[in-house]
Amino acid sequence: MPICDPEKIQSNSTFKLIKSKLIIGLVVLIIIFDWFSVTIAVGVGLVTRNRQGGFGLGLAIIIVFNVLFLIFCASYAATVLIHPGYIDQSYTPNYIPSSRGDNDKETTIKQSENFPPTFRVQDARFEPTFCQECRIWRPARAHHCRHSGRCVWEFDHYCPWIGQSVGGNNHKHFITFLFWCVVILSFTSIALGCAYPSLTSDEHGDGLWSGRGRGPIIGAISISAFFAFFVAGLLFNHIWLACDSVTTFEDMFDVRTIRARDQSVLAQHYESWQLRQRKACRDHWYYIWGHPRKEGNLWWLDSSYHNWCSRMGSNPLIWFVPFAKEPHDIYTIEYNPRFDEHGRARQRQDWPAHLR
């Protein structure tokens, strides 16, 4: 096994740290510019010039925008400052799993020949795994993030805009940040649209944004609306993942892999025009084993609402409150009772009676 150069590792870590801080600094500058544009250039401008009833509109924009702005900044700070759930040397597995030999693997495959292709090889999902990069043991659902260079519990993805990974410990704060980002971007575009007549007034020939100034405000409305829709798509995707109790990493490398294998096997047995037969066969597999995102998902907890509460908290009042989060032990595993004690999928006939 090649030996890693400590100096090279240290230089790479330093470079990644500087890069992440620079991106965060860029985001802070954008936030400051947004505040100056809406509060000073628009709000204060309307209040001081008082065109076409602009005083009341300008005052409302200043008050509402700054309240939303403070909440947004708090949500961003929580996402940046709270760690995603790093795994360190303090984690000690209850047992060290033994390595499986080739004979054991072949036996498992032969015993699974009658299974649907979705679940041909059933590996234990609760066994701790050893990270060759961090040289530590890590619990179930923990994965190594190559950007941060550390193992993260319930690793979702690495976000350069917050300078760190998104994991089980800060996913709630990340969703809260996306929510308030959509709110403030939407308010900005709507407020600028409502203020447009006053901003572009040519009354007395000295309108605040008259003449050439109309282009920038139209551009500001368009950019705010575009990013509001973009971030809203990202927000709804993470809400969907949270309701299914799946991370982005698991969705990409587990669920999609399962579906790709299903499609590959179906293509071997059915022609491309036999869509109804393909769907009937796939539905039969999902009935026996459960849908890969729901009953067939190891981390599915009875309902979408239960999954959502496990991520955001049981109290709806704190779902989108920055820094508010119910305490949770990252090493406590709550899993789908349709699976056995090792995390292996079972057929519907072997599920608990009340879940069949």
Side-chain angles (χ1 to χ4, degrees), residues 4 8-31 72-91 128-182 227 230-257 293 299 310-312 322-323 325 328 330-331:
C4 298
K8 184 177 181 180
I9 294 176
Q10 181 65 27
S11 62
N12 290 337
S13 301
T14 304
F15 173 76
K16 291 179 180 178
L17 178 63
I18 296 175
K19 181 180 178 181
S20 64
K21 300 306 179 184
L22 288 176
I23 295 178
I24 293 176
L26 175 62
V27 173
V28 172
L29 290 177
I30 295 174
I31 293 174
F72 166 75
C73 290
S75 67
Y76 183 68
T79 310
V80 171
L81 298 176
I82 297 177
H83 70 87
Y86 292 125
I87 308 299
D88 52 29
Q89 297 286 351
S90 63
Y91 171 71
T129 57
F130 186 78
C131 178
Q132 297 293 341
E133 298 290 337
C134 300
R135 309 300 298 174
I136 60 173
W137 287 96
R138 57 193 179 192
R141 303 192 81 179
H143 300 280
H144 184 82
C145 175
R146 61 185 180 87
H147 294 281
S148 62
R150 301 186 64 177
C151 289
V152 179
W153 168 65
E154 288 191 16
F155 173 70
D156 189 272
H157 72 287
Y158 179 84
C159 179
W161 300 107
I162 65 173
Q164 65 173 349
S165 307
V166 176
N169 196 51
N170 69 344
H171 198 185
K172 185 266 183 189
H173 304 296
F174 183 73
I175 295 176
T176 301
F177 162 66
L178 294 179
F179 173 80
W180 289 109
C181 188
V182 172
F227 280 104
F230 175 79
V231 179
L234 187 60
L235 171 64
F236 288 131
N237 179 65
H238 278 273
I239 291 176
W240 179 41
L241 292 173
C243 290
D244 284 348
S245 191
V246 177
T247 65
T248 301
F249 184 90
E250 292 166 346
D251 183 52
M252 293 179 61
F253 294 98
D254 292 340
V255 177
R256 296 185 186 182
T257 300
R293 292 186 70 98
W299 313 111
S310 69
R311 177 69 64 194
M312 303 296 291
F323 287 98
K325 185 177 184 294
H328 181 77
I330 67 175
Y331 302 132

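Computed from a predicted structure; not experimentally measured. Positions are given from 1, in the same order as the sequence printed here.
Between Asn170 and His83 the shortest side-chain heavy-atom distance does not fall below 4.5 Å. Annotation: side chain of Tyr86 is in contact with side chain of Ser148 (closest heavy-atom distance under 4.5 Å).
One distance of note links CD1 of Ile87 with CZ of Arg138; it measures 9.5 Å at 0.5 Å rounding. Once rounded to the nearest 0.5 Å, the distance linking SG of Cys145 with OH of Tyr158 reads 7.0 Å. Interatomic distance, Thr248 OG1 to Phe253 CZ, rounded to the nearest 0.5 Å: 10.5 Å. Here the OG atom belonging to Ser165 is positioned 11.0 Å from the CZ atom belonging to Arg146, to the nearest 0.5 angstrom. The distance from the SG atom of Cys151 to the CD1 atom of Ile136 is 4.5 Å, given to the nearest 0.5 Å. A distance of 11.0 Å separates CG of Leu178 from CZ of Phe236, quoted to the nearest 0.5 Å.
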**Q.** Chi angles and distances behind the side chain to side chain contact (heavy atoms under 4.5 Å, CB included) call for His144, Gln132
**A.** CA-CA 9 Å; His144 184 82; Gln132 297 293 341; over 6 Å; no
Q: Show the numbers, then the answer: is there a side chain to side chain contact (heavy atoms under 4.5 Å, CB included) between Gln164 and Thr79?
A: CA-CA 9 Å; Gln164 65 173 349; Thr79 310; 5.5 Å; no
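Residues that satisfy the side-chain hydrogen bond (donor to acceptor under 3.5 Å, both in side chains) test with His238, not counting sequence neighbours, are His171. Partners of Ser245 under the side-chain hydrogen bond (donor to acceptor under 3.5 Å, both in side chains) rule, at least two apart in sequence or in another chain, do not exist in this structure. Applying the side-chain hydrogen bond (donor to acceptor under 3.5 Å, both in side chains) test to Thr247 and every residue at least two apart in sequence or in another chain returns Glu250. Judged as a ring-ring contact (aromatic ring centres under 6.0 Å, His included), and not counting sequence neighbours, the contacts of Phe177 are Phe72, Tyr76.
Of all the heavy atoms in Cys73 and Ile31, the pair that sits closest is SG-CG2, 4.1 Å. Minimum interatomic distance between Trp153 and Ala140 (heavy atoms only, all atoms of both residues): CD1-O, 4.1 Å. Asp251 and Val246 make their closest contact through N-CG1, 3.5 Å (heavy atoms, listed as atom of the first residue, atom of the second, distance). Nearest heavy-atom pair, Ala74 versus Phe323, reported as atom, atom and distance to 0.1 Å: O-CE1, 3.3 Å. For Cys159 against Val166, the heavy-atom pair with the smallest separation is CB-CG2, 4.2 Å.
Screening residues 232-247 for salt bridge (Lys or Arg N to Asp or Glu O under 4.0 Å), with sequence neighbours left out, gives Asp244-Arg293, Asp244-Lys294. Applying the salt bridge (Lys or Arg N to Asp or Glu O under 4.0 Å) test to every pair with at least one member in residues 151-161, sequence neighbours left out, gives these pairs: Arg141-Glu154, Glu154-Arg311.
Classification of the His143-Phe249 ring pair by plane angle, with boundaries at 30° and 60°, yields tilted.
Under a cut-off of 6.0 angstrom, the local environment of CZ in Phe227 is sparse, with at most 12 non-hydrogen atoms contributed by other residues, nucleotides or ligands.
Although no hydrogens or angles enter the test, the distance criterion places no donor-acceptor pair under 3.5 Å between the side chain of Asn169 and the main chain of Val152.
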